[in-house]
Chemist: 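Please read through the structure below; I'll follow up with questions.
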Amino acid sequence: MKDAYFPQEIEKKWQKIWEEKGVFKTPDTSDKPKYYALSMFPYPSGKLHMGHVRNYTITDVIARFKKMNGYNVLHPMGWDSFGLPAENAAMKHGANPETWTDENIAYMTKQLKMLGLSYDWDREVTTCKPDYYKWTQWLFLQLYKKGLAYKKEAAVNWCEECGTVLANEQVIDGKCWRCDHIVEKKYLSQWFLKITDYAEVLLEDLDKLAGWGENVKTMQANWIGKSEGAIFKFKVVENDLEVPVYTTRPDTVHGITYLVVAPEYKDIEKLTTPENKEAVEAYRANARKMTEIERLSTDRVKTGVPLGTHCINPFTGEKFPLWTADYALAEYGTGAVMAVPAHDTRDFDFAKKYNLPIKVVITPHPQGARELTEAYTEPGVLVNSNEFDGMSNEEAKKAITQKAIDKGFGEFKTQYRLRDWLVSRQRYWGAPIPVVYCDKCGIQPVPEEQLPVLLPKDVDFSVVGKSPITTSKTFVNTTCPCCGGPARRETDTMDTFVCSSWYYLRYSDARNDKMPFAKDKVNKWLPVDQYVGGIEHAILHLLYSRFFTKALRDMGLLDFDEPFKNLLTQGMVLKDGSKMSKSKGNTVDPDEIFENYGADTARLFILSDSPPARDFDWSDAGVEGCYKFLNRVWRLISSNADYINVSPFTLHSSLKKDNDNLLRLVHIAIKGITNDISNDFQFNTVISKYRELVNAIYDWRGKKSELDDEDKAILSFAIITLIKLMSPVAVHLTEEAWHELGGEGSIHDVEWPKWDENLAKASSITLVVQINGKLKDKIEADEALSEDELKALALNSEKIKELTAGKTIVKTIVVPKKLVNIVVK
RNA sequence: GCCCUGGUGGCGGAAUCGGUAGACGCGUCGGACUUAAAAUCCGGUUGGAGUUAAAUCCAGUGCCAGUUCAAGUCUGGCCCAGGGCACCA
């Protein structure tokens, strides 16, 4: 074994050997239990960044640990390769998105291999390849047949910069998720997936996901936004229309003093009197001009205009006016709101501004209502509410809604904020939506046997203002599958998030050319046992994937209802306190780290300083420190190589004291490291335990000049165990050492070390002696001592005697094998 | 406003059950080796008081209370930071 550590040399060597021998291939059949470890697949943007390195290293260590623990592990990788950056790059350089994407995939694949990741590359999936998107299209057709994909005209989010519509989930604070351009509303005919059909079950099943963090679950719950209330219908005085409103406060109906409809409310023109028409039109025109950001700003002063018409409150017979105001939203509930200024802060502000009456109907003081200076939104008792007076408002919610049901003007209603998923995009680089339009037959799905609908190659990427796909001469015109007449193809492609909503299923049967996946294989491998990725997908990808899984289950394509059993959302990689980004110029190129220190150092460092879920602050000194540590490990092994024997270690009946001590430290390390990985993948403490063990072996070795047989056996055991424990992290160094020390096969196929519970603790204990709960003395003691003996030991300590002299011992608490606390006065 | 997560040395962080606060590392200070440097090795490093040096003592895990023989850990009330939702009726 060489004296010095040359990572670049050994890493290349072993990567080649592993690939040739197929060390990381996953058989579909095995008598071992399955384990599916998955990283979120990357967008092939060009180069790996440190976030990727962190993500894939975490999953790789998990996969390797599980494999050594007797699981048949599926650990695949692929490419989320459709999307706008490829198209933008193509437009900029006059190239083709496919070429750009292929080159990036080739480069990033090389980098992944340099990191020493244990992927089964035979299962690689690439979403932009026809053998994959054929099945994306096929799944779209199944959703279409089930009524879960539909086309509808609606107000949608439009990003002018990207030249396409966006899903609600892709609008962040009124801006485009990709380019930060302000999103406009447009009224367009678009394709949607009916995720709202699954709103309730997507919310409910969050409870089943014990292996997900609370943060992600609440984010999804907030996004789904369930609320329970009632719908009441109000008759209009001036004509025979009815205005339905949705409210979560049916208990406050007796306090209605006006009603508000959104400026975009469908019947607004019919609800406006001729005298008010001009003012209402002006108000509506102004509302249309405002951006979403202006409109939704909560600190804006509320405005509105009266429509001139009135409604009757069926509970009281009172007549009240209708207004339009932009604080009512057209898309939520019914687009109309009953206003109860006494008990809603927004209505209160509005009523104050326009001098509308405020009627108190709920009060915390049963003796009667007072003048309000702000809306009272807390619980209370009903007043001014006829037969409901005196009832608690929670009871009243039910009772009042029930009365409306009985009288035929209301119903209970559960409302969700979640909207259907807009999936069509006016871009080229995506999976074509497999439908055609026929003047005679209307929308026609492309027959399954004609899939895939291939992306055309004869397109001009230099066009501005429209999708390049529309420039193809061969793509658009086709024949109708129904009547055989001339028809036009859909030129919109699918949101890339559709492609990524099922890729994890495809890995179970990646080369299947008859189906997206065979049912037995998908049921065997799924759900994913451990999914690892960034928190930025908390809503988008993770919600869509859950929806797909449930929809596919309802179609009978698979038998489970949640795709990801355990989810680890890794923190960001920071440098100098902020996220690494090109614009800030604080990025670190993985290639440089591989070149200067090797992949093992990169892997060790990225796991070392923070637990996986927390943000990780990159430091060059930290990398250096990890490199030094690996050198130290290497020297430990190489300088002792002559004394090490890989054959199993047999324990002598009684060992020399220092040998017994080292043996114990090795068992303690096995136990600690195994537990740290098993509990939430605490790799940072795993690595500190590697260091402790290495320090202990050095200490032990430093005290011996000559080694006898017992010493050699203990040293062999310590070092071989160290190599095994480190093998999931320092994958190349440990493989080289294993080989050099005469180990058979690959270190990555050996069994994970086991600890002996009796040896995984110190031979003696340190008895902690406290007085009134404060540490006063420590005494080395035999583990076998009884409680009384421990107590006597503590009380006989010189120090304790001194400190308790002249005081009364009130009580003595003994914690076996650990501590004695003496309570004195 | 509602919800989630977190708050421990100069820094990253550690601490199954309530039981020695600060493991391990980074940084730093001192020392060994060296002509010198690098590399390596050894030692100190929460704050304050104390001492030639030690011993030793006091305080200390965001703040204020509480439970307990004992609280970073449990309970109640706050404060701060990060994130999600939000004129959603």
Side-chain angles (χ1 to χ4, degrees), chain A residues 4 172-173 213-227 229 245-249 252 259-260 262 295-300 302 325-329 331-340 343-347 349-350 377 415-417 535-536 538-539 569 571 574 577 605 608-611 613-626 628-629 631-632 635 672 675-676 679 682 684-695 698 702 766-778 799 810-815 817-824:
Chain A
I172 314 292
D173 296 330
E214 281 311 311
N215 52 346
V216 180
K217 287 194 275 187
T218 14
M219 277 192 230
Q220 291 209 356
N222 284 343
W223 189 258
I224 295 167
K226 180 179 181 175
S227 73
V245 302
Y246 172 72
T247 181
T248 54
R249 294 297 304 274
T252 64
L259 196 146
V260 179
R295 173 91 189 261
L296 296 178
S297 162
T298 44
D299 37 58
R300 199 160 59 84
K302 290 181 178 41
D326 61 9
Y327 80 88
L329 305 175
E331 320 88 74
Y332 187 76
T334 63
V337 194
M338 61 179 225
V340 184
H343 306 294
D344 181 281
T345 50
R346 295 152 303 182
D347 299 342
D349 293 346
F350 194 80
T377 57
Q415 185 74 38
Y416 301 91
R417 210 145 40 217
I535 188 78
E536 67 274 16
I539 294 170
T569 47
L574 312 176
F605 177 57
S608 66
D609 269 5
S610 298
R614 247 190 267 183
D615 286 350
F616 178 92
D617 210 340
W618 184 275
S619 86
D620 296 334
V623 183
E624 195 73 39
C626 285
K628 284 182 187 175
F629 173 66
N631 273 284
R632 189 166 146 83
R635 279 196 308 277
N675 288 342
D676 285 354
N679 304 332
Q682 288 184 59
N684 54 329
T685 56
V686 168
I687 287 159
S688 69
K689 280 164 186 154
Y690 291 161
R691 291 176 185 274
E692 283 176 6
L693 182 56
V694 169
N695 290 345
Y698 264 109
T766 305
L767 181 71
V768 172
V769 186
Q770 298 178 330
I771 293 178
N772 293 344
K774 294 200 170 167
L775 173 74
K776 295 294 167 187
D777 200 8
K778 293 181 195 176
K799 209 162 161 192
V810 183
K811 198 174 178 183
T812 309
I813 286 120
V814 181
V815 181
K817 299 179 188 180
K818 217 169 214 168
L819 150 157
V820 176
N821 187 16
I822 301 159
V823 186
V824 299

Chemist: What nucleotide among B:U20, B:A89, B:G25 has an atom nearest to a side-chain atom of A:Thr766?
Modeler: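 Per side-chain heavy atoms of A:Thr766, the pick is B:U20.
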Chemist: Let me know, please, whether A:Arg691 or A:Asn679 comes out on the 5' side of the other along RNA chain B by nearest nucleotide.
Modeler: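 Its nearest nucleotide lies further toward 5', so the answer is A:Asn679.
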Chemist: Taking O4'-C1'-N9-C4 for purines and O4'-C1'-N1-C2 for pyrimidines, is B:C33 syn (within 90° of 0) or anti?
Modeler: anti
Chemist: When you measure from the side-chain N and O atoms of A:Lys217 to the phosphate of B:G83, is any distance below 4.0 Å, counting only OP1 and OP2?
Modeler: no
Chemist: Between B:G12 atom C1' and A:Arg614 atom CZ, what is the distance in whole Å?
Modeler: 9 Å
Chemist: Identify the nucleotide, in any strand shown, that forms a Watson-Crick or G-U wobble pair with B:A59, with both distances under 3.5 Å; if there is none, say none.
Modeler: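 Check on B:A59: paired to B:U46, both distances under 3.5 Å.
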Chemist: Would one find a side-chain N or O of A:Gln682 under 4.0 angstrom from OP1 or OP2 of B:A15?
Modeler: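 Yes, A:Gln682 has a side-chain N/O under 4.0 Å of OP1/OP2 on B:A15.
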Chemist: Grab the CG-C1' distance between A:Asp777 and B:C57 for me, whole Å please.
Modeler: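 Distance, rounded to whole Å: 16 Å.
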Chemist: Using atom C1' of each nucleotide, how far apart are B:A36 and B:G44 to the nearest Å?
Modeler: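 It comes out at 26 Å once rounded to the nearest Å.
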Chemist: Hunt down the Watson-Crick or G-U wobble partner of B:A70, both distances under 3.5 Å, from any strand shown, or write none.
Modeler: none
Chemist: Would you find a donor on one side and an acceptor on the other, under 3.5 Å apart, between the side chain of A:Asp347 and the backbone of A:Val340?
Modeler: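 Such a contact is found between A:Asp347 side chain and A:Val340 backbone.
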Chemist: Choose from B:G13, B:A89, B:G84 the nucleotide whose nearest atom is closest to any side-chain atom of A:Met219.
Modeler: B:G84
Chemist: Looking at side-chain heavy atoms only, is the closest gap between A:Lys799 and A:Val769 below 4.5 Å?
Modeler: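 Side chain of A:Lys799 against side chain of A:Val769, heavy atoms only: no contact under 4.5 Å found.
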Chemist: Taking only the side-chain heavy atoms of A:Leu329 (C-beta and beyond), determine which of B:G84, B:C87, B:A21 contains the nearest atom.
Modeler: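 Within the option list, the nearest is B:C87.
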Chemist: Where the side chain of A:Tyr698 meets the backbone of A:Arg632, is there a donor-acceptor pair that is under 3.5 Å apart?
Modeler: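 Yes.
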Chemist: In whole Å, what separates the C1' atom of B:G72 from that of B:G22?
Modeler: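 Result for the C1' pair: 11 Å, nearest Å.
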Chemist: Just to confirm, is there a sub-4.0 Å distance from OP1 or OP2 of B:G19 to any side-chain nitrogen or oxygen of A:Asn821?
Modeler: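 No, no such contact exists.
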Chemist: With a non-hydrogen cut-off below 4.0 angstrom, is A:Lys689 in contact with a base, only sugar-phosphate, or nothing?
Modeler: nothing
Chemist: When the P atoms of B:U20 and B:C88 are considered, how many whole Å apart are they?
Modeler: 49 Å
Chemist: Please report, rounded to the nearest Å, how far the P atom of B:G19 is from the CD atom of A:Gln770.
Modeler: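 Checked: the CD to P distance equals 11 Å.
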Chemist: With rounding to whole Å, what would you report as the distance between B:U46 and B:G10 at their C1' atoms?
Modeler: 10 Å
Chemist: Using purine N1 to pyrimidine N3 plus N6-O4 or O6-N4 for Watson-Crick, or N1-O2 and O6-N3 for G-U wobble, both under 3.5 Å, which nucleotide pairs with B:G76?
Modeler: B:C64
Chemist: Which nucleotide in the set B:C87, B:A14, B:U5 lies at the smallest distance from any side-chain heavy atom of A:Arg346?
Modeler: B:C87
Chemist: When the distance from CZ of A:Arg417 to P of B:G84 is rounded to whole Å, what number comes out?
Modeler: 15 Å
Chemist: Say whether, by atom type as modelled, one donor and one acceptor occur between the side chain of A:Asp609 and the main chain of A:Asn684 under 3.5 angstrom.
Modeler: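 Not a single qualifying donor-acceptor pair exists.
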Chemist: Would A:Gln770 and A:Ile813 count as a side chain to side chain contact (heavy atoms under 4.5 Å, CB included) here? Give the steps.
Modeler: CA-CA 10 Å; A:Gln770 298 178 330; A:Ile813 286 120; over 6 Å; no
Chemist: With rounding to the closest Å, how many angstrom separate the C1' atoms on B:G62 and B:C57?
Modeler: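 Roughly 27 Å separates the two C1' atoms.
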Chemist: From the set B:G84, B:A89, B:C87, return the single nucleotide nearest to any side-chain atom of A:Lys302.
Modeler: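 Nearest to the side-chain atoms of A:Lys302, counting from C-beta on, is B:C87.
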Chemist: Name the nucleic acid region contacted by A:Asn631, choosing base, sugar-phosphate or nothing; use a 4.0 angstrom heavy-atom cut-off, strictly under.
Modeler: nothing
Chemist: Does B:G9 fall in syn (glycosidic angle within 90° of 0) or anti?
Modeler: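 Judged by the O4'-C1' to base torsion, B:G9 sits in syn, the angle falling within 90° of 0.
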Chemist: If only atom types and distance count, is the side chain of A:Lys302 paired as donor or acceptor with the main-chain N or O of A:Ala325 below 3.5 Å?
Modeler: no
Chemist: Which nucleotide, if any, forms a Watson-Crick or G-U wobble pair with B:A23, using both distances under 3.5 Å?
Modeler: none
Chemist: Can you find a pair of side-chain heavy atoms, one from A:Phe629 and one from A:Phe605, that are under 4.5 Å apart?
Modeler: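 Result no, sub-4.5 Å side-chain heavy-atom pair not found.
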Chemist: Of the options B:A89, B:G19, B:G27, whose atoms approach the side-chain atoms of A:Ala621 most closely?
Modeler: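 The answer is B:G27, which lies nearest to the side chain.
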Chemist: Which nucleotide sits closest to the side chain of A:Lys818: B:U20, B:C17, B:A86?
Modeler: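 Per side-chain heavy atoms of A:Lys818, the pick is B:C17.
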Chemist: What interatomic distance, in whole Å, is found between P of B:C11 and the corresponding atom of B:G48?
Modeler: 15 Å
Chemist: Taking only N and O in the side chain of A:Lys799, is any of them less than 4.0 Å away from OP1 or OP2 of B:U56?
Modeler: yes
Chemist: Is there a Watson-Crick or G-U wobble partner for B:U40 with both distances under 3.5 Å, and which nucleotide is it?
Modeler: B:A32
Chemist: Can you tell me, in whole Å, how much space there is between the P of B:U61 and that of B:G47?
Modeler: 16 Å
Chemist: RNA chain B: A:Asp609 or A:Glu692, which has the more 5' nearest nucleotide?
Modeler: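 The 5'-side residue here is A:Asp609.
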Chemist: Quick one: label A:Thr685 by what it contacts on the DNA or RNA (base, sugar-phosphate, nothing), any heavy atom closer than 4.0 Å.
Modeler: sugar-phosphate
Chemist: Using the P atom in both, what is the distance from B:C64 to B:C80, to the nearest Å?
Modeler: 16 Å
Chemist: Would A:Val245 and A:Val337 count as a side chain to side chain contact (heavy atoms under 4.5 Å, CB included) if you check the C-alpha gap in whole Å, the side-chain angles of each, and the deciding distance to 0.1 Å?
Modeler: CA-CA 5 Å; A:Val245 302; A:Val337 194; 5.7 Å; no
Chemist: How long is the line joining CG of A:Asn684 and P of B:A23, in whole Å?
Modeler: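 Atom-to-atom, A:Asn684 to B:A23, this comes out as 15 Å.
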Chemist: A:Leu767 versus A:Val820: any side-chain heavy-atom pair under 4.5 Å?
Modeler: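 A:Leu767 reaches A:Val820 side chain to side chain.
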Chemist: With a 3.5 Å cut-off and just heavy-atom distances, do the side chain of A:Lys811 and the base of B:C69 make a donor-acceptor pair?
Modeler: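 Such a pair does not exist between side chain and base.
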Chemist: Grab the CG-P distance between A:Leu693 and B:A23 for me, whole Å please.
Modeler: 18 Å
Chemist: Does A:Asn215 get its side chain close enough to the base of B:C4, under 3.5 Å, for a donor-acceptor pair?
Modeler: no
Chemist: In whole angstrom, give the distance that lies between atom NZ of A:Lys628 and atom C1' of B:C41.
Modeler: 12 Å
Chemist: If pairing requires Watson-Crick or G-U wobble contacts with both distances under 3.5 Å, which nucleotide is the partner of B:G82?
Modeler: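 Pair assignment: B:G82 / B:C4.
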Chemist: Which part of the nucleic acid, if any, lies within reach of A:Val823 when heavy atoms closer than 4.0 Å are counted: base, sugar-phosphate only, or nothing?
Modeler: sugar-phosphate
Chemist: Does A:Tyr332 have a side-chain nitrogen or oxygen under 4.0 Å from the phosphate oxygens OP1 or OP2 of B:A89?
Modeler: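 So the side-chain polar atoms of A:Tyr332 do come within 4.0 Å of the phosphate oxygens OP1 or OP2 of B:A89, strictly under.
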Chemist: To the side chain of A:Ser688, which of B:U5, B:U20, B:A23 is closest?
Modeler: B:A23
Chemist: Within less than 4.0 Å of OP1 or OP2 of B:A39, is there a side-chain N or O belonging to A:Arg632?
Modeler: no
Chemist: Taking CZ from A:Phe629 and P from B:C26, how many angstroms apart are they, rounded to a whole number?
Modeler: 11 Å
